2 protein chains.
Amino acid sequence: MEKPLSPRSAAKRTAMLDAAQRCFLESGYASTSVDEVATRAGVSKATIYAHFASKDDLFGAIICRRCDDQAEGLSSLSLPVSSDARTILTAIAHRLMALFLSPEVMGIYRIVIAEAARHPELAKTWYEAGPLRGKQRLCDVFDDLKRRGLLDFDDTRRAVDAFVSMLRGECFHRVMINLPPNPHFSTEATIETAVNFALKAFAPKV
Amino acid sequence: MEKPLSPRSAAKRTAMLDAAQRCFLESGYASTSVDEVATRAGVSKATIYAHFASKDDLFGAIICRRCDDQAEGLSSLSLPVSSDARTILTAIAHRLMALFLSPEVMGIYRIVIAEAARHPELAKTWYEAGPLRGKQRLCDVFDDLKRRGLLDFDDTRRAVDAFVSMLRGECFHRVMINLPPNPHFSTEATIETAVNFALKAFAPKV
DNA sequence: CACAAACTAAACCAACCAGTTTAGTTTGTG
DNA sequence: CACAAACTAAACTGGTTGGTTTAGTTTGTG
């Protein structure tokens with residue numbers, strides 16, 4: 001079912017996907033030529049078309065592979081053992097920020113936004129495999145914090161969404177559009193602000 | 001200096017910019033052909049190249065015009081007369097959300113992200129004329145609320161950034177990548193959640 | 001009416017691109 | 001060694017693109 005798994009030269013496939021990803025993230029979908037992908041993958045164009053039905057199919061394969069990777073990456077979002085809400089939120093925030101600002105996640109994010117209009121299914125697949133599942137995991141964490149009386153809120157999903165969104169402020173935006181960083185909105189400052197606000201907004205009743 | 005202002009047929013120019021904007025926002029920069037822009041503007045291709053040096057120049061002109069429009073749009077961000085923090089924050093949030101979700105702002109946002117790598121100066125120009133100035137205006141509003149003892153926070157810019165960012169959550173993201181809306185994260189719910197959290201996080205000391 | 005600026009349609013150019021085909025080479029396996 | 005699957009380089013097709021040019025038309029003004 002899953003594909004009989006071709007011999008060792010499935011390394012070619014990886015090379016193609018890697019090269020294509022780099023090309024697409026650098027230049028966008030339309031501006032990337034299959035010839036260039038072939039060259040950078042050290043592979044002939046015919047081989048690309050032997051593995052993928054079309055340029056579109058190749059693009060889809062990249063997004064799907066990314067979705068699988070994301071699933072793994074999520075497991076690193078474990079929460080540290082602590083009874084201090086600030087410690088836990090800060091640790092989560094650090095991991096999230098590192099994830100958001102990583103070149104791969106950032107690059108895929110940019111291209112999904114750019115291509116969402118022409119590849120709606122891919123955008124949906126990516127969003128559900130990545131951001132949505134990530135938030136679901138965070139919901140578990142937040143529910144646990146609530147159960148332990150460290151935080152309080154009415155709606156877990158909305159609390160998580162607000163917390164995550166606060167991390168995606170000025171700092172995130174500047175990186176996304178290649179602007180130089182603003183020291184007043186450094187990664188550290190962003191995390192600290194978000195955690196401070198969350199601690200107040202989600203403070204348990206006394 | 002400013003350009004001697006061509007005769008009435010600068011209406012052509014507007015038509016070209018309008019058509020180009022629609023094309024670029026629909027299909028992205030690379031997938032839009034100058035011929036198509038010409039057709040949709042009801043103009044010959046030669047006329048386009050008489051007004052703009054290149055496709056790139058045309059693209060730049062659109063972003064710049066958008067920056068001017070944004071400057072105007074900001075003045076509509078006046079705050080209502082009220083001594084209730086919730087009322088004021090809710091009113092601001094409504095205006096911001098309407099702005100963020102409007103097709104033009106959304107479209108420009110998408111394309112700036114997509115083209116930031118190849119047009120860094122434009123991304124900078126747009127960001128400073130739009131989001132940055134918008135936040136500066138909000139800082140004035142927030143400072144005023146603090147002065148009146150309705151809210152409290154240490155750093156105005158960070159408070160504003162956090163508030164604005166909370167509005168750009170799940171709801172905003174779904175629109176951005178053309179996903180169907182999730183009723184649990186409706187515009188109204190997003191605003192209510194953000195305002196509730198802000199009121200707690202920015203509550204004045206008793 | 002005359003004149004110049006701005007416009008038009010259409011042909012044109014050189015470059016590029018997705019995708020195919022051909023003819024030949026590598027490579028692992030029995 | 002033999003055989004088949006996977007690969008390669010390179011040429012080729014049909015189509016598109018940014019940009020230019022040409023030759024002719026509209027338009028407003030004195």
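Sequence lines set the chain letters: A, B, ... in the order given, protein chains first and strands last, and positions in each chain run from 1. Just so it is clear, the structure is predicted and the values come from calculations on it, not from any experiment. FYI, side chains are in, hydrogens and waters are out, and symmetry mates aren't considered; it's all heavy atoms of this structure.
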Review point. Between B:Tyr29 (OH) and D:dG18 (P), how many Å, whole number?
Key: 8 Å

Point to revise | d(CG, B:Asp56; P, D:dT17) in whole Å | key: 17 Å

Practice item. Flag the pair A:Glu170 and B:Arg157 as a salt bridge only when some basic side-chain nitrogen lies within less than 4.0 angstrom of an acidic carboxylate oxygen. Key: no

Revision key, fill the gap. Rounded to whole Å, CD1 of A:Ile48 lies from P of D:dA9 at a distance of 12 Å

Review point. Distance check: side-chain N/O of B:His51 vs OP1/OP2 of C:dC7, anything under 4.0 Å?
Key: yes

Revision key, fill the gap. By nearest-nucleotide position on DNA chain C, the 5'-leaning member of B:Gly42 and A:Lys55 is B:Gly42

Point to revise | Ring center gap for B:Phe163 and B:Phe197 short of 6.0 angstrom | key: no

**Study point:** Spacing between A:Asp57 atom CG and C:dG19 atom C1', to the nearest angstrom
**Key:** 13 Å

Practice item. Classify the ring geometry between B:Phe100 and B:Phe172 as parallel (under 30°), tilted (30 to 60°) or perpendicular (over 60°). Key: perpendicular

Review point. What is the nucleic acid contact for A:Ala50, judged by heavy atoms within less than 4.0 Å: base, sugar-phosphate only, or nothing?
Key: nothing

Check your understanding: Given atom CE of A:Met16 and atom C1' of D:dT8, what is their separation to the nearest angstrom?
Key -> 12 Å

Review point. Is the backbone of A:Ser27 close enough, under 3.5 Å, to the side chain of B:Arg118 for a donor and an acceptor to pair up by distance?
Key: yes

Review point. Starting at CG of B:Leu58 and ending at P of D:dT17, how long is that distance when rounded to a whole Å?
Key: 15 Å

Study note, to complete from the structure: Testing D:dG18, C:dG19, D:dA9 for proximity to the side chain of B:Tyr49, the answer is D:dG18

Review point. What is the per-nucleotide protein-contact pattern of nucleotides 11-16 of chain C, from the 5' end, where B denotes a base atom under 4.0 Å from a protein heavy atom, S denotes such proximity for sugar-phosphate atoms only, and - denotes neither?
Key: ------

Review point. Does the distance from a Lys or Arg side-chain N to an Asp or Glu carboxylate O, for A:Arg147 and A:Asp144, drop under 4.0 Å?
Key: yes

Check your understanding: Under a 4.0 Å N-O cut-off, is there an ion pair linking B:Glu121 with B:Lys124?
Key -> no

Point to revise | Proximity to the side chain of A:Ala46 - top-ranked nucleotide from C:dT21, D:dC7, C:dG19 | key: C:dT21

Practice item. Give the stems involving DNA chain D, where a stem is 3 or more consecutive Watson-Crick or G-U wobble pairs (i with j, i+1 with j-1, and so on) under 3.5 Å. Key: C:1-30 with D:1-30

Point to revise | Partner set under ring-ring contact (aromatic ring centres under 6.0 Å, His included) for A:Tyr29, not counting sequence neighbours | key: A:Phe24, A:Phe59, A:His119

Check your understanding: Which part of the nucleic acid, if any, lies within reach of A:Ser31 when heavy atoms closer than 4.0 Å are counted: base, sugar-phosphate only, or nothing?
Key -> nothing

Practice item. Side chain of B:Thr47 only, please: which of C:dC7, D:dT8, C:dA18 is the nearest? Key: C:dC7

Review point. Does the side chain of A:Gln21 pick up a donor-acceptor pair with the side chain of A:Arg65 at under 3.5 Å?
Key: yes

Check your understanding: Between A:Glu26 and A:Arg22, does at least one N-O distance fall below 4.0 Å, as a salt bridge requires?
Key -> no

